[in-house]
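Contents: one structure, followed by commentary.
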Amino acid sequence: MKPVKTVTLVGAGKMGVKIAARAAAFGFEVHVCDVSQEVLEKARGLIRAEIQANCDDGMGKETPEGAFEKVAFHAQLSDALAETDLVIEAIPEILDLKKKVFAEMDRVAPEHVILATNSSSIPVSKIEDAVGRRDKVVNIHFYARWTGVTSMVDLMGGTESSEETMRRARKWVEGIGCLPLVVKKECMGFVFNRIWRAVKRECLRSWAEGCADYKDIDRAWMIWSDMIIGPFGMMDFVGLDVVYDIEMSYYLDSNDPKDEPPKALKEMVDRGELGPKSGKGFYDWSNPEFLKPGFAKPGKTE
Ligand SMILES: NC(=O)c1ccc[n+]([C@@H]2O[C@H](COP(=O)([O-])OP(=O)(O)OC[C@H]3O[C@@H](n4cnc5c(N)ncnc54)[C@H](O)[C@@H]3O)[C@@H](O)[C@H]2O)c1
């Protein structure tokens with residue numbers, strides 16, 4: 001079994017940056033690739049800050065400088081995949097786009113490389129038709145924290161994923177200090193996202209149907225759970241465009257009208273109200289202090 005020593009992130013947006021920083025902090029060689037030159041430029045600073053935050057939290061084995069030296073940035077997919085063992089795709093939650101990128105990854109990656117998706121909802125079995133190496137595909141799904149990622153990761157194979165692929169993926173997940181949540185039977189939403197998704201759907205419906213103010217729902221959640229952020233704050237944090245795509249993905253799978261994301265959410269996305277990344281979502285994120293790594297009071301915006 002060839003251990004994973006080098007990992008490539010395809011997509012250097014919110015999740016690509018966080019996963020790259022975590023892997024580098026734990027001593028893995030990391031390649032990062034994005035179609036946008038502007039995103040790649042920004043990713044350097046963000047990964048440096050995320051690595052620092054990981055190290056400040058006592059995460060990892062490297063010094064911040066040592067970890068950052070492990071990260072290489074590429075505009076071309078073929079360069080990013082030339083010497084790697086595991087690729088994690090972290091591009092938008094659109095099935096056709098993921099299939100297209102998986103086909104390209106399959107074409108250029110060396111034979112032994114595992115192809116993983118960080119998709120929030122799409123089982124890799126819906127993507128695997130795009131590749132030849134169906135024994136080496138897997139869902140490796142991370143959860144974002146304000147800084148970094150949580151120490152748990154969903155793992156789910158496709159219809160032909162080999163035991164060796166699952167073992168290699170699991171070992172890598174453990175190697176970055178995360179608990180693998182192994183999905184026993186294929187399901188949309190994996191182990192924990194399925195639960196979070198039920199919360200999200202009910203919150204969105206309650207708000208869109210005019211049953212309750214989203215701030216009251218968040219306040220209730222925070223008082224009840226003793227958490228510093230409620231579901232609407234969390235959705236802002238995820239990015240409302242990303243949330244909308246994820247909800248659409250569930251809806252397209254089930255065709256159940258109850259799963260259709262509310263029009264009011266789509267209208268917010270169309271107005272560019274995406275959460276911290278655009279300065280406004282359900283909450284006002286215009287204070288740049290809120291966006292600094294380590295800022296831990298997103299629920300205190302109102
Ligand atoms: N946002 C979250 O909290 C969260 C949490 C867990 C999983 N996810 C999942 O992770 C994935 C990415 O989400 P995100 O929030 O990081 O999105 P994002 O919009 O922040 O980043 C996506 C990036 O992909 C890049 N991209 C688009 N097409 C590409 C291509 N062909 N090749 C390389 N790069 C390309 C874009 O330029 C962008 O930088 C989605 O599947 C999402 O569902 C998101």
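Only this structure's heavy atoms are used, side chains among them; waters, hydrogens and symmetry mates stay out. In what follows, residues are counted from 1 in the order of the sequence shown. For ligands, and for the atoms within them, numbers begin at 1 and follow the listed sequence.
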Query raised in the report: Using the benzene-type ring in the case of Trp, are the ring centres of Trp196 and Tyr143 under 6.0 Å apart?
Result: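 Between Trp196 and Tyr143, the centre distance exceeds or equals 6.0 Å.
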Query - Centroid-centroid under 6.0 Å between Tyr214 and Tyr283 rings - result: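 Ring centroids of Tyr214 and Tyr283 are less than 6.0 Å from each other.
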Query raised in the report: Do the rings of Phe142 and Trp172 sit parallel, tilted or perpendicular, given the 30° and 60° boundaries?
Result: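 Phe142 vs Trp172 ring planes: perpendicular.
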Query raised in the report: If you measure from the Lys or Arg side-chain nitrogens to the Asp or Glu carboxylate oxygens, is any gap between Asp129 and Arg134 under 4.0 Å?
Result: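 Salt bridge: yes.
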Requested in this report: Taking side chain to side chain contact (heavy atoms under 4.5 Å, CB included) as the test, write out the residues that go with Asp241, two or more places apart.
Outcome: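 Asp241: side chain to side chain contact (heavy atoms under 4.5 Å, CB included) contacts with Val269, Leu274, Lys277.
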Query raised in the report: Among side-chain atoms of Asp284 and Ser286, is any donor-acceptor pair under 3.5 angstrom?
Result: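 Side-chain D/A pair, Asp284 to Ser286: present.
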Requested in this report: Can you tell me which residues line ligand 1 if we count any heavy atom under 4.0 angstrom from one of its atoms, in chain and number order?
Outcome: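 Heavy-atom contacts below 4.0 Å: Val10, Gly11, Gly13, Lys14, Met15, Asp34, Val35, Val39, Ala90, Ile91, Pro92, Glu93, Lys98, Val101, Asn118, Ser119, Ser120, His141, Phe142, Ala144, Val238, Val242, Ile246.
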